[in-house]
Amino acid sequence: MYRCGLLTPEKEPVPLKSIEVELQVRDHVATVVSTLSYDNKEDKPIEAVFVFPLPGDAAVCHFSATVGQTQIVAEVKEKQQAREEYDDALSSGQQAFLLEESDQSPDIFSLSVGSLPPGERASIRLEYVTELAVQADDGLRFCLPAVLNPRYQPRGSGGPSVEVTSVPASQVPYTLSFSARLSSPRPISKVESSSSLDPLQFLNAEQTQATVKLAAGHKFDRDVELLVYYKDAHQPSAVVEAGQASAEPGSLMGDQVVMVSLYPEFPQAVMSSVASCGEFVFVLDRSGSMDWAVNNTNPEQTRIANARDTLLLLLKSLPMGCYFNIYGFGSTFEYIFPESVEYSEKTMEEALKKVEGMQADLGGTEILQPLKHIYNQPCVPNQPRQLFVFTDGEVWNNKEILHLVKENASSHRCFSFGIGEGASSALINGLAKEGGGHAQFITGADRMQTKVLQSLRFALQPAVVDISVTWDLPKGVSATVLSPPITAIFHGQRSLVYAQLTGQSSEAAEGCVTVKYSLAGHPSQSRVKFSLKAVDTGLTVHRLGARSLIRSLEMQEEENGEKPEEVKKRVVELSVQSGVSSAYTAFVAVNKGNNETIQGPLVRRNVETPGMMMAYSMPKLKKCKRAGGGGPRNRAALIAMCGRAPLSRYQCGIVTGCYKAAEPPQPKQPCKDPFLQLVSLQKASGCWLLDSALAAALGKTSEEVEKPKPAPVSQDVWATVLALIWLHGFKMDIKEEWELLAMKSVSWLRAQNAPCVKECLEAANMLLGCSVQEASLGL
């Protein structure tokens with residue numbers, strides 16, 4: 001029997017009362033401490049189970065519980081052993097706590113609080129460290145996931161349908177407080193968020209330290225996202241962290257670990273030019289949830305409508321001579337062309353007509369099959385394949401998807417976009433990481449078009465090849481790289497390298513790491529020198545390095561001829577040694593200090609997670625005998641997706657007593673935006689035609705736009721100049737969205753060798769009331 005919605009028919013109370021989160025950001029690394037407070041107000045002992053999201057690349061490194069005056073610190077153990085210890089403790093009437101990562105996805109965790117006596121309170125402390133991702137606008141992104149979306153399980157994939165209790169955000173029965181302390185060698189210029197924040201408080205005159213808090217009244221309808229901006233952000237750096245004094249020398253935790261941050265800068269000549277070739281494959285999520293609003297502030301704008309507008313800009317920005325195709329996926333998938341076609345006026349118009357009719361009507365979120373179909377298509381010779389994946393959903397088979405992308409990494413670059421709250425960071429970041437591309441998240445008031453066009457600029461940069469990393473260290477010191485090989489480098493985007501440093505050197509000694517690569521046929525390199533004098537930063541760098549190595553091993557499995565058992569053994573050893581969670585280990589804590597057994601039958605309570613107005617649950621457990629009766633219980637129903645069973649989309653309405661999912665609001669059809677109207681009129685070559693549609697987009701009559709045209713100038717040239725002047729005069733705030741299509745227009749104008757350009761510009765400025773200079777247009 002499933003339980004759905006906010007409360008069970010018996011009106012059972014929810015034991016989780018509050019979550020307090022403290023964030024400490026040092027430059028581009030974050031340490032997060034979450035305290036979860038449980039309160040059992042029932043007259044019988046309970047077990048509380050809470051399934052929640054964390055950032056996919058987080059290194060969970062501490063888990064402890066405080067009950068009364070007693071603190072119990074958890075240990076990392078092999079997952080099955082940890083589960084058995086937890087079960088045995090509960091069966092014998094002891095208190096126990098279990099924290100485990102999902103087998104299928106590293107961004108979902110399950111927390112079990114066992115044998116909480118009547119009237120007792122428990123405080124759970126969870127700590128993790130994570131790197132802050134660099135955004136295309138140089139901001140560093142931290143995301144505290146507050147929304148757990150359903151994980152879609154493809155049909156016929158097997159496994160029981162075990163689900164998470166999810167309730168409307170307005171009805172979440174616990175509170176959240178969030179505060180952040182920021183510090184950096186460079187001044188902090190600003191902090192932005194999709195949630196309401198109290199004003200930023202600087203702690204020193206140099207503005208290198210600051211605090212900020214989440215404003216009261218957070219609604220749980222969105223993830224808590226912080227974007228931190230530093231002045232002079234692109235500064236290479238290296239941190240050498242001292243090893244753990246109690247750890248064995250030569251081991252990962254006993255040796256020093258270095259974290260190197262590189263920010264390659266490409267020559268201006270490379271940055272100002274864009275590739276005129278490539279095979280661009282756009283893969284769009286058309287599952288039902290894409291009909292939901294992009295954000296709560298503008299409920300009329302749906303995700304699918306935003307995606308259609310974005311595809312319009314992408315198609316207009318592609319260079320002549322490239323190839324392209326568009327896929328839509330849900331429970332099934334569709335494509336516009338059987339194979340990628342050459343970009344021309346005819347193919348562009350055919351694609352745009354089909355894009356206009358795209359709806360969120362393909363059911364679930366099965367991305368594996370369309371990816372397989374794409375990879376099975378032969379690449380177009382001399383046209384580097386660039387894959388753009390747009391999804392708002394979550395999938396349970398992350399590892400299978402990422403393995404597929406990794407297997408095909410040599411034949412393409414993958415750019416990924418997570419749309420809306422709750423998009424899986426493990427999936428979005430993993431697609432880009434394994435595919436040598438770049439990941440973006442579109443939340444709150446973000447413009448999808450801006451972020452996607454930023455990524456198109458990356459895709460049009462020449463691919464960096466022949467990447468190698470070399471170390472220059474003092475005699476007697478060697479480096480063992482912990483992070484996976486660098487597979488992609490983009491202008492201004494950070495590349496991180498972790499390495500274990502074995503051996504002794506003087507404190508005055510220096511090391512150097514050099515990343516060499518080939519860019520547009522020219523050898524290039526980025527170099528960082530660093531002092532080998534170690535600093536004590538609380539083992540943060542060690543844990544991030546360990547997490548990086550663990551993730552690489554988990555993805556590796558049967559690669560390189562290793563058997564899964566051997567890989568698992570290495571991961572477990574590394575996880576236990578470093579105290580960092582993995583797919584094969586779990587944190588377990590048992591309160592052995594109190595000899596009193598807890599009396600009475602244990603009742604399980606699932607803690608609701610804020611979701612997207614759908615009902616999800618885990619099965620109710622059979623009550624098992626406790627103290628006095630003994631005997632281990634059946635854990636199969638408890639493990640949920642964090643044990644062995646993938647999470648799946650729940651079909652509301654099939655099981656009686658469920659709250660049925662609310663239908664998404666039907667948006668009103670908004671008036672055509674003048675900007676998009678103008679863009680839609682551009683031809684594939686880059687020019688515009690002088691007609692009534694152009695006049696309407698410019699807010700003029702046909703007579704008004706035709707009359708000022710200089711006599712020697714052709715209608716197409718005049719129309720194109722008018723469009724460019726309008727973009728530069730009225731839409732500079734979203735220049736990133738139209739810059740590429742404008743560059744194409746300028747190239748077309750140059751090719752026309754048009755006479756009277758200055759006279760043309762003056763007349764266009766006069767007509768539109770602008771003052772755009774010739775140099776601004778790039779003519």
Side-chain angles (χ1 to χ4, degrees), residues 134-139 265-278 280 282 306-307 309-322 324 343 348 352 386 388 413 415 417 437-438 440 442 446-462 490-493 520 673-688 694 697-698 719-751 757 761 764-765 768 770-779:
V134 182
Q135 302 301 284
D137 64 354
D138 298 336
E265 300 283 347
F266 295 173
Q268 184 58 37
V270 173
M271 292 304 299
S272 59
S273 64
V274 293
S276 58
C277 62
F280 298 89
F282 306 111
N306 227 342
D309 293 345
T310 303
L311 283 172
L312 166 67
L313 286 170
L314 282 168
L315 288 173
K316 296 292 184 177
S317 300
L318 293 178
M320 293 294 286
C322 75
F324 78 101
Y343 180 72
M348 182 193 76
L352 283 172
Q386 316 278 2
F388 283 62
R413 290 194 290 184
F415 298 84
F417 305 89
H438 187 260
Q440 299 256 38
I442 299 140
D446 291 340
R447 283 181 66 87
M448 185 188 300
Q449 295 89 334
T450 300
K451 292 202 167 186
V452 174
L453 269 294
Q454 287 169 345
S455 290
L456 182 59
R457 284 301 297 258
F458 285 146
L460 289 169
Q461 289 178 14
F490 297 101
H491 172 78
Q493 293 294 295
D673 177 78
F675 166 64
L676 294 174
Q677 192 177 348
L678 180 71
V679 169
S680 69
L681 298 172
Q682 189 190 34
K683 299 300 179 183
S685 63
C687 74
W688 274 265
L694 176 67
L698 298 174
T720 304
V721 169
L722 282 174
L724 286 172
I725 294 290
W726 189 89
L727 290 171
H728 280 270
F730 299 106
K731 292 295 174 181
M732 286 299 289
D733 58 324
I734 54 170
K735 185 180 179 183
E736 284 178 305
E737 297 181 21
W738 52 261
E739 190 171 25
L740 288 170
L741 62 89
M743 288 171 65
K744 191 160 64 167
S745 298
V746 170
S747 297
W748 181 86
L749 282 172
R750 286 195 185 122
V757 173
L761 291 174
N765 274 315
L768 298 174
C770 299
S771 54
V772 179
Q773 301 299 310
E774 185 177 353
S776 301
L777 297 180
L779 289 170

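Counting from 1, the numbers follow the sequence of the chain as shown.
Judged by distance alone, with hydrogens and angles left aside, the side-chain atoms of Q440 form a donor-acceptor pair with the main-chain N or O of K451 at under 3.5 Å. Side-chain atoms of Q449 do not come within 3.5 Å of backbone N or O of L313 as any donor-acceptor pair. A donor-acceptor pair is defined here as one N or O able to donate and one able to accept, closer than 3.5 Å; no such pair exists between the side chain of W688 and the backbone of S745. The closest donor-acceptor contact from the side chain of K744 to the backbone of A684 lies under 3.5 Å.
The side-chain heavy atoms of I725 and L777, taken from C-beta on, include a pair separated by under 4.5 Å. The shortest distance between side-chain heavy atoms of W748 and K683 does not fall below 4.5 Å. At least one side-chain heavy atom of L678 sits less than 4.5 Å from a side-chain heavy atom of L694. Considering only heavy atoms from C-beta on, S680 stays 4.5 Å or farther from L352 through its side chain. Residues M348 and K316 have side chains in contact (heavy-atom distance under 4.5 Å, counting atoms from C-beta outward). At least one side-chain heavy atom of V721 sits under 4.5 Å from a side-chain heavy atom of L761. The closest side-chain heavy-atom distance from M448 to F417 is not below 4.5 Å. Using a 4.5 Å heavy-atom cutoff, the side chains of W726 and P674 are in contact.
Note: H438 NE2 to R413 CZ = 11.5 Å, rounded to the nearest 0.5 Å. Taken to the nearest 0.5 Å, the CG atom of D137 stands 7.5 Å off from the CD atom of E736. Separating the CG atom in L727 from the CD atom in E739 is a distance of 11.5 Å, to the nearest 0.5 Å. Interatomic distance, NE2 of H728 versus CH2 of W738, reported as 4.0 Å (0.5 Å rounding). The CD atom of Q682 lies 8.5 Å from the CG atom of L724; values are rounded to the nearest 0.5 Å. The CZ atom of F282 sits 6.5 Å away from atom CG of L456, with the distance rounded to the nearest 0.5 Å.
Between F388 and F280, the ring planes are tilted. Angles from 30° to 60° get that label.
Contact detail for C322 and C277: the closest heavy-atom pair is CB-C, 4.2 Å. Taking all atoms of both residues into account, the shortest heavy-atom contact from L740 to R457 is CD2-CD, 3.1 Å. What you find for A697 and L681 is that their closest heavy atoms are CB-CD1, 4.3 Å. In terms of heavy-atom proximity, L312 sits nearest to L676 at CD2-O, 3.8 Å. Across F266 and F490, no two heavy atoms sit closer than the pair CZ-C, 3.9 Å. The two residues P319 and Y343 have their closest heavy-atom pair at O-CD2, 3.4 Å.
Looking at H491 and Q461, their side chains never bring a donor and an acceptor atom within 3.5 Å of each other.
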